[in-house]
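Whatever order the structure lists them in is the order used to number ligands and atoms, beginning at 1. Not measured: the values here are computed from a predicted model.
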Amino acid sequence: MQLTPPLGIFGGTFDPIHNGHIYPVLEGAEKANIKKVALMPCYIPSHKNPAAASSEDRLKMVELVCADHGLFYADPRDISRGIPTFSVDSLTEIRKAMPNTPLCFFIGTDSLQSLFTWHQWPTLFDLCHFVVCERNAESIKTLNSNTDNSLKRHGPQLQELLKKRQVFNPMALHSRLAGHIYVANTQSLTVSSSKIRQQLANNQSVDSFLPPKIIDYIQQHKLYQTRADFC
Ligand code: ATP
């Protein structure tokens, strides 16, 4: 089967989207020679998270980022469904629509650690590759020796998974539809949406964490103003 160039997919709550989402993925995509990445904000039922930004606002902020970076486009499929779904559902849908395209799902190292808790996680490797970006200086090398409880639990499993699936040449992502893990060794940015929400609610500066357009959007729409927003 003749394969088309790979498509990157980056899912998240993006509440709000921040530099720690944008720059590691720009760098990881460049290293892996991936020319398009779909940013896919997930749906959050309003009754579960009344204080954080609405699905519409999170999508709008993602669209503002896409307007500034040709690599990205917004994929609203999760939000449009209007019900909570799993990554496996979206990936199954994309795979059906793009049977000849390698799919590369971008995640941070924290998400790699928790991969074993994802719904139907082994099936994900039939649907996509994973491109792993570093987070909080948490190098993949330290993942297995870390003393954190979840790692103690999942460390050996993760080691096994990497032994089976890790590739060091990112071009391997171009020649198969799914199944590899590529650790992109991107520069780590210590920032999270929850920390940003907390700082905004406390009237502290977030200038170094967010693109100026996102700061403007948050101010114009009066998002993340109360302490309840970072719970
Ligand atoms: P919150 O603080 O609300 O939990 P978050 O900042 O972790 O949010 P999410 O939208 O939940 O952001 O994350 C989506 C994806 O982005 C995940 O795969 C996560 O690992 C990755 N990610 C988030 N922040 C970073 C970062 N600073 N560096 C690398 N990857 C990141």
Novice: Could you give the side-chain donor-acceptor pairs of residues 210-219 under 3.5 Å, partners two or more places apart or in another chain?
Specialist:
from   : atom 1 : to    : atom 2 : distance (Å)
Lys213 : NZ     : Asp68 : OD1    : 2.8
Lys213 : NZ     : Asp68 : OD2    : 3.4
Tyr217 : OH     : Asp57 : OD1    : 2.5

Novice: On a heavy-atom basis, which atom in Phe106 and which in Phe10 lie closest, and how many Å separate them?
Specialist: O-CD1, 3.3 Å
Novice: Judged by modelled atom types alone, do Asn169 and Tyr182 share a side-chain donor-acceptor pair under 3.5 Å?
Specialist: no
Novice: Would you tell me whether Arg197 and Ser194 have side-chain atoms, one donor and one acceptor, within less than 3.5 Å of each other?
Specialist: no
Novice: Can you run down the salt bridge (Lys or Arg N to Asp or Glu O under 4.0 Å) pairs that involve residues 71-87, sequence neighbours left out, and say none if there aren't any?
Specialist: Asp75-Arg77, Arg77-Glu93, Asp78-Arg81, Arg81-Glu93
Novice: Could you list the donor-acceptor pairs under 3.5 angstrom formed between side-chain atoms of residues 27-34 and any protein atom two or more places apart in sequence or on another chain?
Specialist:
from  : atom 1 : to     : atom 2 : distance (Å)
Glu27 : OE1    : Gln187 : N      : 3.0
Glu27 : OE2    : Lys31  : NZ     : 3.4
Lys31 : NZ     : Ala184 : O      : 3.2
Lys31 : NZ     : Asn185 : O      : 3.0
Asn33 : OD1    : Lys35  : NZ     : 2.9

Novice: List the protein residues in contact with ligand 1, where contact means a heavy-atom separation under 4.0 angstrom.
Specialist: Phe10, Gly11, Gly12, Thr13, Phe14, His18, Gly20, His21, Ile107, Gly108, Asp110, Ser111, Glu134, Arg135, Leu189, Val191, Ser192, Ser193, Ser194, Arg197
